[in-house]
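Model, not experiment: these values are computed from the prediction.
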Amino acid sequence: QIQVVGEDCQFLYISAMALSSLIFSHAFHFCLLSWAYQVPLGASVRATETEPDLANPSDLVLVQIADPQLGMLNMYTKPSDWSKEELMLQTLADKALAMKPQLVFLAGDMQNWWPNEKDPKKDRNRLMKMSDSAFEDLKALDLGLKQRLSVRQCMKSLVDEGIPVYYTPGNHDIGDDPDDEMLKRYMSGSAEEVYWSKADTTLEKYREEQLEFLKDEVKNIPGGTKLLVLLTHIPPFMDSFDEPEGWANWRQVYRKQILDVLAASELPLLFICGHFHANVVKDATYQGRPLNIRVSSAAGTTIQWDGKDSLTPEEAQKVASKRVLKAFAEDVGFANIKKRLRAQGDRSGLRVFRFKPESGTFEDHWYTVDELNS
């Protein structure tokens, strides 16, 4: 059951910083922290599920599916063809359904089409040497909407079986600099229940208001909670809290601001993230409390940074802290794109989390499509 708090929105969103709390048991407090590129966005919705019988506890299973990003593989050759990525996603959704999880988290970037490019000459959707008229014809296809609807169709079997599917926007879903027009387009391909904020304050003022909301949420975490789980698109960092900011970590000012607020809970933290299209596992501490980060590779097109499907935190930090074009040039190599960017069974996959209500601990494992099929 979804309860709207004030005039804020659900999980898909919108404006400048906030969080939804998904409380599944006394042991775990789930939060959906929406993050568009490096600008915090958010949702202020609380959803309460039927609590498990803690006298006879069983594992709480969460399946994370990150970055379907339909259209990425062929974006500069045949942008209307995302059949390989869609096949990977549909297979993963079917496998997730068989697991009967309590929650499926789609960690952003449903679409590859950039939704709010401002300058037609610099539009990242435009194919090289494409004429103005040809580009107008391409835009008229509304590929972003079609990509989002394809994702929704793939996830439909989960929804039909009553398994909650929660989305958070990625930078490809709402752009690096979201505006009202883009949000309306995004909403047109969203779930039926989307509650948009009516705040008419400035971005900075709204960010401050939402930060206060986040502080209140942390203060009101139910007693007995053993782990605070944050579901985000972009990870806060890869290796070090003070690592340089880049295309695949949070801006340092927001990083410290949010982590300080979360640390006030005095609970262990787990961030479940995507965006990087490769796997990274980081176990650290922040202000004396465990802080675990799981960055999952893509359900769609994966990226082999430096030729690897999984990177150490140190390796990932070097890639994440660069500007994205520099990272592609130096850590993929434009001549290697066809080899290192692939949507295929031995690379595309999902991550399964099993939470233990008695101990408040978790286990996680990344599975490729081929592994799930074996």
Problem - Centroid-centroid distance, His172 to Trp113, less than 6.0 Å - result: no

Completion exercise
Exactly one candidate in Met72, Gln69, Lys146 meets side-chain contact (heavy atoms from CB on, under 4.5 Å) with Trp82; the answer is Lys146

Practice task
Return yes if a side-chain donor-acceptor contact under 3.5 Å exists between Gln147 and Asn112, otherwise no.
Solution key: no

Problem - Verdict with supporting geometry, Tyr286 and Phe241, ring-ring contact (aromatic ring centres under 6.0 Å, His included) - result: CA-CA 8 Å; Tyr286 188 77; Phe241 159 73; 5.2 Å; yes

Fill in the blank from the handout: Of all heavy-atom pairs linking Leu227 and Pro268, the shortest is CD1-O, 3.4 Å

Fill in the blank from the handout: d(His275 NE2, Ser296 OG) to nearest 0.5 Å is 14.0 Å

Problem - Trp247 ring center near Phe276 ring center (under 6.0 Å) - result: yes

Problem - Between Asp370 and Thr368: side-chain donor-acceptor atoms closer than 3.5 Å - result: no

Problem - Donor-acceptor side-chain pairing of Thr301 and Glu85 below 3.5 angstrom - result: yes

Practice task
Verify the distance criterion only: is there a donor paired with an acceptor across the side chains of Asn373 and Lys95 at less than 3.5 Å?
Solution key: yes

Exercise for the section: Check whether the side chains of Asn279 and Arg294 place a donor and an acceptor atom closer than 3.5 Å, and report yes or no. Expected result: no

Practice task
With Arg152 as the cation and Tyr167 as the aromatic partner, state whether NZ or CZ is under 6.0 Å from the six-membered ring centre and within 45° of the axis.
Solution key: yes

Problem - Gln344 and Arg342 side chains, donor-acceptor separation under 3.5 Å - result: yes

Problem - N/O donor-acceptor pair under 3.5 Å between Asp119 side chain and Lys121 backbone - result: yes

Practice task
Write down the atom of Met238, the atom of Glu243, and the distance for their closest heavy-atom approach.
Solution key: N-OE2, 2.9 Å

Practice task
Give the C-alpha distance, both sets of side-chain angles, the deciding distance and a yes or no for side chain to side chain donor-acceptor pair (under 3.5 Å) between Asp242 and Ser240.
Solution key: CA-CA 5 Å; Asp242 58 357; Ser240 172; 2.4 Å; yes

